[in-house]
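We name chains A, B, ... by the order of the sequence lines, and we start the count at 1 in each one.
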Amino acid sequence: MKFSNFFIPTLKENPSDARIVSHILMLKSGMIRQETSGIYSWLPLGYRVLKKIIKIIEDLHELYEVNQILMPTIQSSEIWKKSGRYDTYGKEMLRINDRHSKELLYGPTNEEMITALGKQHIKSYKSLPQYFYHIQSKFRDEIRPRFGVMRAREFLMKDAYSFDINENEGVKTYYRFFRLYLKIFKSMGIPIVPVRALSGEIGGSLSHEFHLIVDSGESEIFLDKSILESDLEKLKDEDLKNLNSFTDEYYKNNKISIKLEKFRSIELGHIFLFGDKYSKSFDFNIEYENKKLTPFMGSYGIGISRIPAAIIEHSSDERGILWPEEVSPFEVVIINLINDSDETNKVSNDLYQNLKSKNIDVIYDDRNERPGIKFSDSDLIGIPIQIIIGKNLINDGNVTLKFRKDGKEINLTNDKVLDIIIKKLKNNK
RNA sequence: CGGGGAGUAGCGCAGCCUGGUAGCGCAUCUGUUUUGGGAACAGAGGGUCGCAGGUUCAAAUCCUGUCUCCCCGACCA
């Protein structure tokens, strides 16, 4: 993408409505636009980040043999009456009537719908286990939306659901998703911490949340610091179960007496093993060894649209955002400082075309703007690698490779840049 | 829902107390000069002052109602 064609309404001044750094930077960098309280449009820059996150989630769910589907955002009240949650869910649920006065709702989650789907189509125990997921907008009518997309009312969520023949198998599936989650966040460059949690509204016995530790986080967690350094993917199910890390709620309710450290954090994922709560209320039964079997279920959520904000909370400086390469809207930005030089134009353009042909996400700042503006925009939007092309090219045939995170600069002849960037990005993949 | 704050040009704000018909910075447009860290000068365009009603010769300003947004608290990915 050329910067001159890229729609990116950046702001020079801090928006008056934003308080926390991620909200400020997302508005300033033109990632999002508020439509009304707690409801946002994703503009090109923001949507690119979102799509990177979605791609990682999709690829890894595919790797874990989870079926991707797409359920509707609008649901009928009937299935919610069946589970009993139409009454208990409360005002968080946005209820709508259609022209025939039929009661509809904008789904806050999909346990009921997936259970109805399972009941209709899963007819034999031999087809279990079954795993499904989808990525879709949800609506929860929060009492007070805040912090931009961090606590929005409409938000994008990945929610997966599992059906197993019994609790034993359900627990295996649960830890399968647990590991999948560790892998997903690792692939996004996010140091995630799993914590034992209460199940809340969804119900059930086993539940974990996946948190990112940041000082501005809304949640509080208690944990044994050694967890932060250990490679959790290598642990056995049993060890994952016994990790010393808890949500504050769980910590207090269960009167945990071990000495643990308290951190502020953002919840990015939540998994539940809730058993037959929904399959039972839907009368979802399968024949098994001449008896009835009620599938054992779990659900596994990731708050996708919250992730970009969480990453920014975790990683920014006074100039702007610092994206991890894995989710950065672009991997490389080419900054051409001299717009009316044939030489810099040619080198910039060639490099741009070459990087694109190697499938590297590159944005080329070809605007007729002053250097200061180009530098500050690049820093603001947080692209990890900058290639600066200007005077040095004309004088010495050099371009400058600059890393957003530490500001380190390397001068190279322009024929070497391509190889070095390709090598660097490949090493991290 | 309780408590607080705010709606004036695309963005950030002043003006309101003490009514006299709207201003500043940034952005935008034109021109000239600039160009390795948010340029300078000259000129130009842009506003139903959130909305409705009232008071008044006259309302951004006073009064009443209403809508929206933000912040603090209880709820949540």
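- In this structure, Asp17(A) atom CG and rC72(B) atom C1' are separated by 16 Å, rounded to whole Å.
- Under the Watson-Crick or G-U wobble criterion, with both distances below 3.5 Å, rA44(B) is paired with rU28(B).
- Within the shown strands, rA52(B) is the pairing partner of rU64(B) under the Watson-Crick or G-U definition, both distances less than 3.5 Å.
- Between the side chain of Lys402(A) and the base of rG37(B) there is at least one donor-acceptor pair of N/O atoms closer than 3.5 Å.
- Between Val171(A) and Lys241(A), every side-chain heavy-atom pair lies at or beyond the 4.5 Å cut-off.
- When the P atom is used for both rA39(B) and rG3(B), the distance is 48 Å, rounded to whole Å.
- Using a 30° and 60° split on the angle between ring planes, Tyr181(A) and Phe210(A) fall in the tilted class, from 30° to 60°.
- Here rC76(B) presents its C1' atom at 16 Å from CD of Glu220(A), a figure rounded to the nearest Å.
- At the phosphate of rC72(B), OP1 or OP2 sits under 4.0 Å from a side-chain N or O atom of Arg144(A).
- Looking at which nucleotide of RNA chain B each of Ala152(A) and Lys28(A) is closest to, the 5′-most match is held by Lys28(A).
- Residue Leu11(A) contributes atom CG, which lies 13 Å from atom P of rU28(B) at whole-angstrom precision.
- The cationic atom of Arg95(A) (NZ for Lys, CZ for Arg) lies less than 6.0 Å from the six-membered ring centre of Tyr86(A) and within 45° of the ring axis.
- Between rA77(B) and Thr109(A), no contact under 4.0 Å exists linking OP1 or OP2 to a side-chain N or O.
- Considering only side-chain N and O atoms, Lys12(A) lies nowhere under 4.0 angstrom from the phosphate OP1 or OP2 of rG38(B).
- Out of rC70(B), rG36(B), rC72(B), the shortest distance to the side chain of Arg146(A) is found at rC72(B).
- Asp379(A) contributes a side-chain N or O that forms a donor-acceptor pair with the base of rG37(B) under 3.5 Å.
- Nucleotide rA59(B) forms a pair with no other nucleotide shown, judged by Watson-Crick or G-U wobble geometry with both contacts under 3.5 Å.
- In this structure, rC17(B) forms no base pair with any nucleotide, since neither Watson-Crick nor G-U wobble geometry is met with both distances under 3.5 Å.
- Using a cutoff of 4.0 Å between basic side-chain nitrogens and carboxylate oxygens, Arg151(A) and Glu218(A) are scored as salt-bridged.
- Between rG25(B) and rC62(B), the distance separating the two P atoms is 26 Å to the nearest Å.
- The listed nucleotides are rC75(B), rG36(B), rA77(B); the one nearest the side chain of Ile143(A) is rC75(B).
- Nucleotides rG19(B) and rA60(B) have their P atoms positioned 14 Å apart, rounded to a whole Å.
- Checking side-chain atoms of Asp317(A) against main-chain N and O of Gly320(A) turns up a donor-acceptor pair under 3.5 Å.
- Taking atom P on both rU61(B) and rC16(B), the two are 12 Å apart, rounded to the nearest angstrom.
- rA40(B) and rG20(B) have their P atoms separated by 35 Å, given to the nearest Å.
- Donor-acceptor pairing under 3.5 Å, judged by distance alone, is present between the side chain of Glu13(A) and the base of rG25(B).
- Taking for each of Ala18(A) and Lys391(A) the nucleotide of RNA chain B with the nearest heavy atom, the 5'-most of the two is the partner of Lys391(A).
- Only the C1' atoms considered, rG15(B) is 24 Å distant from rG53(B), to the nearest whole Å.
- Distances from the side chain of Phe272(A) to the nucleotides rC72(B), rC69(B), rA77(B) place rA77(B) closest.
- Using the Watson-Crick or G-U wobble rule with both distances under 3.5 Å, rA39(B) pairs with rU33(B).
- The CD-C1' distance, from Gln34(A) to rG7(B), rounds to 14 Å in whole Å.
- For Phe155(A) and rA77(B), the ring-to-base geometry satisfies the stacking test (centroid distance below 5.5 Å, interplanar angle below 30°).
- Classification of Glu112(A) and Lys82(A) as a salt-bridged pair fails, no side-chain N sitting under 4.0 Å from a carboxylate O.
- Between the CG atom of Asn14(A) and the C1' atom of rC70(B) there is a distance of 15 Å, rounded to whole Å.
- Using a 4.0 Å heavy-atom distance criterion, Ala310(A) is classed as making no nucleic acid contact.
- The phosphate of rG12(B) has OP1 or OP2 within less than 4.0 Å of a side-chain N or O from Ser16(A).
- Taking the side chain as every heavy atom from C-beta outward, Ile54(A) and Leu156(A) approach each other to under 4.5 Å.
- Nucleotide rC1(B) has rG73(B) as its partner under the Watson-Crick or G-U criteria, with both atom distances under 3.5 Å.
- In this structure, Glu142(A) reaches the bases: a heavy-atom distance under 4.0 Å links it to at least one base atom across the strands shown.
- With contacts defined as side-chain heavy-atom distances shorter than 4.5 Å, the pair Lys225(A)/Phe263(A) qualifies.
- In this structure, Ile302(A) reaches neither bases nor backbone, as no heavy-atom distance under 4.0 Å exists between it and the strands shown.
- Looking at heavy-atom distances under 4.0 Å, Gly301(A) makes no contact with the nucleic acid at all.
- Set against rG36(B), rC76(B), rC71(B), the side chain of Arg19(A) has rC71(B) as its closest nucleotide.
- Distances were taken from every side-chain heavy atom of Asn392(A) (C-beta onward) to each of rG36(B), rG37(B), rA77(B); the shortest belongs to rG36(B).
- Taking atom CG of residue Leu337(A) and atom C1' of nucleotide rG37(B), one finds them 9 Å apart after rounding to whole Å.
- Protein atom CD1 of Ile373(A) is 9 Å distant from nucleotide atom P of rG38(B), rounded to whole Å.
- Residue Arg306(A) places none of its side-chain N or O atoms closer than 4.0 Å to OP1 or OP2 of rA77(B).
- Salt-bridge formation is detected for the pair Lys81(A)/Glu103(A): a Lys NZ or Arg NE/NH1/NH2 atom is positioned less than 4.0 Å from an Asp or Glu carboxylate oxygen.
- The residue Thr400(A) sits close to a base: some heavy atom pair falls under 4.0 Å.
- Spacing of P atoms, rA74(B) relative to rU68(B), comes out at 24 Å, to the nearest Å.
- Of the C1' atoms belonging to rG45(B) and rA77(B), the separation is 47 Å, rounded to the nearest Å.
- In this entry the distance linking CD of Glu154(A) with C1' of rC76(B) reads 16 Å, nearest Å.
- Nucleic acid contact for Ser37(A): sugar-phosphate only, since backbone atoms but no base atoms lie under 4.0 Å from a heavy atom of the residue.
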